[in-house]
Amino acid sequence: MLLYQFIPACWIIWLLIWLFASFGVKKSVRQEDPLSRLGNTAPIWIGAFLLSIDPSWFGPLRYRIIPQDLTSYTIGAALTFIGLLFAVWARYHIGRNWSGVITLKEDHALIRSGPYALVRHPIYSGLILAIIGSAIARGDIAAVLAIIAVLYAVLRRVRIEESWMSETFGSAYADYKASTPALVPFLV
């Protein structure tokens, strides 16, 4: 059924937007070391693998915990779409300060407007929501493991980024942290 291609199409479009938007960013002045970066990216790739591979490959991980029906898929698709849209909004709002890895850019700016007024890490918030949506649509144990892997990576990245931002922006970042939640809007 064509409807069931909606979530993969959303992820493909998001990936193309992400690749296109990666050009023209500011030069990095500090970058996470490769081993640390592997600790952040490997769980994300594992999560993507678990959500994208044919469930028959997973043995007991293929057992469904959420019914495979139109309602579950529609809820998952809506969450995926909203999450990816939020991440794209945040990516364009941060502009040339963005990087796919943890970095500090030349003349790095502390962005506190747009989606960054709702949460300090809106790209991660959007991607977590999209992963949860995709996992709901998938509905199996492998999908739960994908959420866990991605959450681990995101929380690890947040911890590192928070440290770097605090070092760079001092009291301005402390004020931002005091007034804006890290990942979930409206939870200060």
Side-chain angles (χ1 to χ4, degrees), residues 10-11 13-15 17-33 35-44 47-48 75-136 144 146-188:
C10 285
W11 281 106
I13 291 167
W14 170 82
L15 182 60
I17 290 169
W18 227 244
L19 289 173
F20 177 74
S22 68
F23 297 103
V25 297
K26 293 178 184 177
K27 181 181 173 189
S28 297
V29 294
R30 180 180 179 190
Q31 193 169 28
E32 181 183 26
D33 70 78
L35 188 58
S36 180
R37 187 176 327 137
L38 181 62
N40 296 331
T41 55
I44 292 170
I75 291 167
L79 293 175
T80 302
F81 180 77
I82 292 166
L84 292 175
L85 194 62
F86 192 70
V88 168
W89 178 35
R91 166 57 191 93
Y92 277 97
H93 198 76
I94 199 170
R96 295 186 63 221
N97 286 305
W98 177 82
S99 176
V101 297
I102 299 172
T103 62
L104 287 174
K105 299 292 189 175
E106 282 182 347
D107 302 318
H108 203 102
L110 178 58
I111 308 296
R112 296 180 66 168
S113 58
Y116 292 86
L118 299 172
V119 288
R120 295 190 307 273
H121 303 279
I123 291 173
Y124 299 151
S125 299
L127 292 178
I128 289 169
L129 183 61
I131 291 291
I132 290 170
S134 296
I136 288 170
V144 173
I147 292 171
I148 291 168
V150 171
L151 275 176
Y152 167 80
V154 165
L155 294 175
R156 187 175 186 279
R157 288 178 70 114
V158 164
R159 183 181 49 79
I160 295 167
E161 287 182 15
E162 294 277 314
S163 172
W164 287 23
M165 297 301 274
S166 292
E167 290 172 18
T168 303
F169 295 108
S171 63
Y173 198 72
D175 292 343
Y176 183 41
K177 280 176 70 171
S179 64
T180 309
L183 293 168
V184 181
F186 315 113
L187 291 181
V188 177

> With side chains defined as the heavy atoms from C-beta onward, is the minimum distance between Leu183 and Val158 less than 4.5 Å?
Replying inline: yes
> Is a side-chain donor-acceptor pair under 3.5 Å present for Tyr124 with Arg157?
Replying inline: yes
> Which value, rounded to the nearest 0.5 Å, describes the distance between Phe81 atom CZ and Ile13 atom CD1?
Replying inline: 8.5 Å
>> Quick check: closest heavy atoms across Trp11 and Leu84, and the distance to 0.1 Å?
In response: CZ3-CD2, 3.5 Å
> Does Glu167 pair with Arg30 as a salt bridge, N-O distance under 4.0 Å?
Replying inline: yes
>> Return the OG to CZ distance between Ser179 and Arg112, rounded to the nearest 0.5 Å.
In response: 4.5 Å
> How many angstroms lie between atom CG of Asn40 and atom CG of Leu155, to the nearest 0.5 angstrom?
Replying inline: 11.0 Å
> Hey, mind stepping through Val119 and Val184 against side-chain contact (heavy atoms from CB on, under 4.5 Å) and telling me if it holds?
Replying inline: CA-CA 6 Å; Val119 288; Val184 181; 5.6 Å; no
> Is there a side-chain contact between Leu151 and Ile131, using heavy atoms and a 4.5 Å cut-off?
Replying inline: no
>> Let's go through Trp164 and Glu32 carefully: what are the C-alpha distance in whole Å and the side-chain angles of both, what is the deciding distance for side-chain contact (heavy atoms from CB on, under 4.5 Å) to 0.1 Å, and is it a yes or a no?
In response: CA-CA 10 Å; Trp164 287 23; Glu32 181 183 26; 4.3 Å; yes
> Is the closest side-chain heavy-atom distance between Leu129 and Ile82 below 4.5 Å?
Replying inline: yes
>> If only side-chain N and O atoms count, and only distance matters, is there a donor-acceptor pair under 3.5 Å linking Thr168 with His108?
In response: no
>> Could you report the tightest heavy-atom contact between Gly39 and Tyr152, atom names first, then the distance?
In response: O-CE2, 3.9 Å
> Short question: side chain of Ser28, backbone of Thr103 - any donor-acceptor pair under 3.5 Å?
Replying inline: no
> Which pair of heavy atoms, one from Gly24 and one from Arg96, lies closest together, and at what distance?
Replying inline: O-NE, 2.8 Å
> Is there side-chain contact between Arg37 and Ile102, with at least one heavy-atom pair below 4.5 Å?
Replying inline: no
>> Quick one: does any side-chain atom of Thr180 pair with a main-chain N or O of Lys177 as donor and acceptor, under 3.5 Å?
In response: no
>> Using 0.5 Å steps for rounding, measure from the CZ atom of Arg120 to the OG atom of Ser125.
In response: 10.0 Å
> For the residue pair Ser36 and Arg156, what are the closest heavy atoms and their distance?
Replying inline: O-NH1, 3.0 Å
>> Can you confirm whether Ile123 sits close enough to Tyr116 that some side-chain heavy atom of one is under 4.5 Å from a side-chain heavy atom of the other?
In response: yes
>> As a quick check of understanding, evaluate side-chain contact (heavy atoms from CB on, under 4.5 Å) for Ile17 and Tyr92, giving each step before the final call.
In response: CA-CA 10 Å; Ile17 290 169; Tyr92 277 97; 3.8 Å; yes
> Is the distance between the ring centroids of Trp18 and Trp98 less than 6.0 Å?
Replying inline: yes
>> Would you say that more than 12 heavy atoms from the other residues, nucleotides or ligands in this model lie under 6.0 Å from the CG of Asp107, or not?
In response: no
> Looking at His93 and Gly114, what are the two nearest heavy atoms and their distance?
Replying inline: NE2-N, 3.5 Å
> Would you say the side-chain atoms of Tyr173 and Glu162 include a donor-acceptor pair closer than 3.5 Å?
Replying inline: yes
> Roughly how far apart are Thr80 OG1 and Ile75 CD1, rounded to 0.5 Å?
Replying inline: 11.5 Å
>> Let me confirm one number: the CG-CG distance from Leu104 to Asn97, rounded to the nearest 0.5 Å.
In response: 9.5 Å
> Where is the tightest heavy-atom contact between Ala146 and Gly47, given as atom of each residue plus distance?
Replying inline: CB-O, 3.4 Å
